[in-house]
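Throughout, protein chains are lettered first and strands after them, A, B, ... in sequence-line order, and every chain is numbered starting at 1.
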Amino acid sequence: MNTLFDKIWDSHVVQIVKDGPTQLYIDRLYCHEVTTPQAFQGLRQRGLKVFRPQQVFAMPDHNIQTHDQDKPVADPVGRKQIDTLDKNCKEFGVTEFKMNTPENGIIHVVGPETGLSLPGMTIVCGDSHTSTHGAMGAVAFGIGTSEVEMVLASQCILQQKPKSMRISINGTLKPGVTAKDVALYLMSQLTTSGATGYFVEYAGDVVRNMSMEGRLTLCNLSIEMGARGGFVAPDEKTFAYIKGKKYAPKGDDWERAVAYWKTLKSGDDAVFDREVTYDAADIEPRITYGTNPGMGIAINGTISTLDEIPESDQASFKKSLKYMGFEPGEKLLGHPIDYVFLGACTNGRIEDFRAFASLVKGHHKAPNVVAWLVPGSWAVAQQIKNEKLDKVLSEAGFEIRQPGCSACLAMNDDKVPAGLYSVSTSNRNFEGRQGPGSRTILASPLVAAAAAITGKVTDPREFM
Amino acid sequence: MKQKFNVITSSCIPLPLENVDTDQIIPARFLKATDKEGFGDNLFRDWRYNKDGSLKKDFVLNDPSYSGCILVAGKNFGSGSSREHAAWAIAGYGFRVVISSFFADIHKNNELNNFVLPVVVTEPFLKELFDSIAKDHKTQVKVDLPNQTVTNMATGKSEHFEINGYKKHCLMNGLDDVDFLVQNRDKVEAFEKNRKTWNR
């Protein structure tokens, strides 16, 4: 009751269907090439037009190669998806940020950085990491392709209203602990289904003090706790971030918008369906050891022993460790690794590149490590140049690739070979996520940087 | 895809693993199609096939003693990616029902939107069902949508399951949400008139 989630959700209710879900109005729909072709095809089969094309923005990001983007995608099947998106956008009058143009990048990086994602909005996309946009103070969530078709057809979606949950993290984060570590910590505490059915509001000192980039990382990972989405109430930091962005309100509209955005907070009397609180002092730099993001430990911690795992979970736990080539009770510090991936909608922003560069500065990439540094958008790529981070990184033996989703889900050529270990700043360590047989260790950009220079799982604080 | 749903009685395929994510149901490299056909062939691809394309003998879908259009899975089924391709793969393979004690939100909606019924049962019911199937691979389960009950025919144990009245009506009559929403466009237009334009 009287939570910010209630305020935003309730102000978008068109009607409540009898014995059924809510018809919810959607302010912004984002489309990428993988989860929309069947939705546009559905419209065509029904003889429908896009209902509100000016509220829909599209960009290809999943299949894109991270080098030579001036050339077409080599894989004919992936190329067909990108061509299909181009064709659909043209036919239905949807704005598209095409591959290899300055506005292109990963949707969840581009939306916030262009001012398309704003406080108080409802935002959806056929992509579970749509929760990222919650950092702007929006109710943003991932949907399926049938639901994309619903929004294209009516600018609405039918949804049961989720329950509300507040996660507060109080105190001050220790040096070397980032938003990514906070999220990995929350997943290990709550498990990957702990927030299923809920929409999460992140609060507390840590979140208030977090940069916008940090909040984007935190909200991005809401789905990995099972949550429908997660958001942070907008504040002065949010307004400063949005001001002047290409699609942000201007002039009088800006003043009116900010006045409204300032009302977007949970009431002092707000009642959440669930409320949990954590202490920043308990959070260390973290890594995962298993095949879901909740299977994580502090970087210097040890994997659970079998008797610490409930009996019903043991089959999955054993299967997971076998896949990863780890043993119960093992410590991972010093474990050799083969690949490092910096990027994705989770950690492909300028602050992530600054963090990575600050740690590797004056060191050199370990010779046995293959490192993929992939900016989340062309705007991030440009900013890296403006700040001369490319020079720092290149002196340390790293090459910066071109933007896209890349090795986060390996739909392009950036695949980790079977059996090899990747320390990755992405969001999922599922079996085969970074390529068939690949073994993913999720981590922050700092942990990834430390691993890249030593070739082993390393505590980044050794270099700070 | 718009298959009307009423009462289904079938043997089951058991998958007693927890947190089965949609990357396992259909790996990303198989998401490149631009239609909804053929995903069933790659359902559980990397658990079902070796690298050379030969069958993995120990995976349940490759065990001929199991059959049926009901998949029974451990808790938190369909977590992770929102890809509806996972639901297309499940439907494409021929499953009409998935039974679990817990579903991830997005995947659950995706199943419903493809006329696959996700049935949430209690942990004890699920455990007993896995036991029944282990004992007799041909164990039948009856899923009765009109009465919202699921019955383990081996033990006779029955449970009520939840589904909202609207969606139940859709499933039983082969209707989908787009049909409904398009009919309600006038309500959307009325709603939009009261909206602030700078925030859209």
Side-chain angles (χ1 to χ4, degrees), chain A residues 14-15 17-21 23 25 27 34-35 37-38 41-42 46 48 51 55 77-78 80-81 84 118 120-121 126-128 142-147 149-150 153-156 158 160 192-193 196-197 226 228 249 253 256-257 260 292 313 315-316 319 409-411 428 430-433 436, chain B residues 16-19 21-24 27-29 31-36 46-47 51 74-76 79-85 87-88 102-107 109-110 113-114 123 127 164-169 176-182 184-185 187-188 190-192 195-200:
Chain A
V14 174
Q15 66 167 328
V17 180
K18 188 172 172 290
D19 293 332
Q23 182 179 346
Y25 189 80
D27 292 311
V34 180
T35 57
Q38 296 86 352
Q41 186 58 22
R46 294 173 202 260
L48 295 171
F51 187 57
Q55 286 168 242
V77 198
K80 190 181 170 204
Q81 277 195 329
T84 303
L118 297 172
M121 277 187 166
D127 193 294
S128 59
I143 57 176
T145 299
S146 297
E147 294 168 319
E149 188 179 338
M150 292 178 209
S154 71
Q155 208 55 36
C156 288
L158 293 176
Q160 297 281 2
T192 51
S193 59
T196 302
R228 212 56 234 281
D253 275 352
R256 278 195 288 272
Y260 168 61
N292 75 54
D313 297 357
S316 302
K319 184 177 190 297
L409 82 172
M411 280 191 76
R428 286 181 178 142
F430 296 152
E431 287 183 31
R433 175 81 179 180
Chain B
L17 286 172
E18 299 182 347
N19 304 314
D21 59 75
T22 53
D23 273 74
Q24 306 318 311
R29 62 188 189 280
L31 306 186
K32 300 191 181 194
T34 50
D35 57 31
K36 298 180 184 178
D46 292 338
W47 289 352
K51 234 180 171 174
K75 77 172 178 223
N76 198 26
S79 56
S81 161
S82 60
R83 59 189 68 167
E84 193 160 319
H85 314 65
W88 299 331
F102 197 91
F103 288 85
D105 289 326
I106 304 176
H107 181 68
N109 283 346
N110 288 342
N113 286 330
N114 288 281
E123 278 291 339
K127 189 174 180 303
N164 73 57
Y166 162 82
K167 206 68 210 179
K168 180 171 159 180
H169 175 79
D176 74 15
D177 291 352
V178 178
D179 300 332
F180 176 88
L181 286 167
V182 171
N184 281 272
R185 274 180 171 182
K187 290 199 179 70
V188 184
F191 176 87
E192 283 176 330
R195 296 278 296 160
K196 299 173 186 78
T197 50
W198 44 259
N199 215 10
R200 230 196 267 153

| task | Examine whether an atom of A/Gln41 lies under 4.5 Å from a heavy atom of chain B, and if so say whether it belongs to the side chain, the backbone or both; otherwise answer neither. | result | neither
| query | Is there a donor-acceptor pair closer than 3.5 Å between any side-chain N or O of B/Thr22 and the backbone N or O of B/Ser81? | reply | yes
| query | Non-hydrogen atoms of chain B under 4.5 Å away: do they reach the side chain of A/Val17, the backbone, both or neither? | reply | side chain
| Test item: B/Asn113 and A/Glu149 side chains (from C-beta on) under 4.5 Å apart, heavy atoms | no
| said: Can you tell me which portion of B/His85 sits under 4.5 Å from chain A's heavy atoms? Options are side chain, backbone, both or neither. | reply: side chain
| field | Toward chain A, the part of B/Glu18 with a non-hydrogen atom under 4.5 Å | value | both
| request: Keeping the roles fixed (side chain from A/Arg228, backbone from A/Gly142), state whether a donor-acceptor pair exists under 3.5 Å. | output: yes
| query | Within the distance-only criterion (no hydrogens, no angle test), does the side chain of A/Gln81 pair as donor or acceptor with the backbone N or O of B/Leu31 below 3.5 angstrom? | reply | yes
| Who passes salt bridge (Lys or Arg N to Asp or Glu O under 4.0 Å) against A/Lys80, sequence neighbours left out? | none
| message | Taking ring-ring contact (aromatic ring centres under 6.0 Å, His included) as the definition, give me every residue that meets it alongside A/Phe51, ordered by chain and number, with sequence neighbours left out. | response | none
| field | Interchain contact, A/Thr84 with chain B, by part (heavy-atom threshold 4.5 Å) | value | side chain
| field | Between B/Arg83, B/Lys32, B/Glu123, B/Lys187, the one whose heavy-atom pairs under 4.5 Å with chain A are most numerous | value | B/Lys32
| request: Could you tell me whether the side chain of B/Asn164 reaches within less than 4.5 Å of the side chain of A/Gln160, counting heavy atoms only? | output: yes
| Which atoms of B/Asp35 approach chain A - backbone, side chain, both or neither, heavy atom under 4.5 Å | backbone
| request: Count the heavy-atom pairs under 4.5 Å between each of B/Val188, B/Asn76, B/Asp21 and chain A, then report the option with the highest count. | output: B/Asp21
| Is it the backbone or the side chain of B/Lys127 that comes under 4.5 Å from a heavy atom of chain A, or both, or neither? | neither
| message | Less than 4.5 Å to any heavy atom of chain B: does that hold for the side chain of A/Arg433, its backbone, both, or neither? | response | both
| Which atoms of A/Leu409 come close to chain B, meaning under 4.5 Å heavy atom to heavy atom: side chain ones, backbone ones, both, or neither? | both
| field | Proximity breakdown for B/Asp176 and chain A, heavy-atom pairs closer than 4.5 Å | value | side chain
| message | For chain A, which candidate among B/His169, B/Lys75, B/Gln24 shows the most heavy-atom pairs at distances under 4.5 Å? | response | B/Gln24
| note | So, the part of B/Phe191 with a heavy atom under 4.5 Å from chain A: the answer is side chain
| Does any heavy atom of chain A fall under 4.5 Å from the side chain of B/Ala104, the backbone, both, or neither of them? | backbone
| said: Does any backbone or side-chain atom of B/Phe102 lie under 4.5 Å from a heavy atom of chain A? Answer side chain, backbone, both or neither. | reply: side chain
| message | Any non-hydrogen side-chain atom of A/Pro249 less than 4.5 Å from a side-chain atom of A/Leu118? | response | yes
| field | Best-contacting candidate, B/Asn110, B/Asn184, B/Asn19, against chain A by heavy atom pairs under 4.5 angstrom | value | B/Asn184
| Engaged part of B/Lys167 at the chain A interface, taking heavy atoms whose separation is under 4.5 Å | neither
| task | Please look at A/Gln15 and chain B and tell me whether the side chain, the backbone, both or neither of the residue comes under 4.5 angstrom of a heavy atom of that chain. | result | side chain
| query | Taking side chain as C-beta onward, heavy atoms only, is A/Asp19 less than 4.5 Å from B/Lys168? | reply | no
| query | Is a side-chain donor or acceptor of B/Arg185 paired with a backbone partner of A/Ala153 at a separation under 3.5 angstrom? | reply | yes
| request: Side chain from CB out, backbone as N, CA, C, O: work out which of these in B/Lys51 comes under 4.5 Å of a heavy atom of chain A, or both, or neither. | output: side chain
| request: For the residue pair B/Trp88 and A/Gln38, confirm or rule out a side-chain donor-acceptor distance under 3.5 Å. | output: no
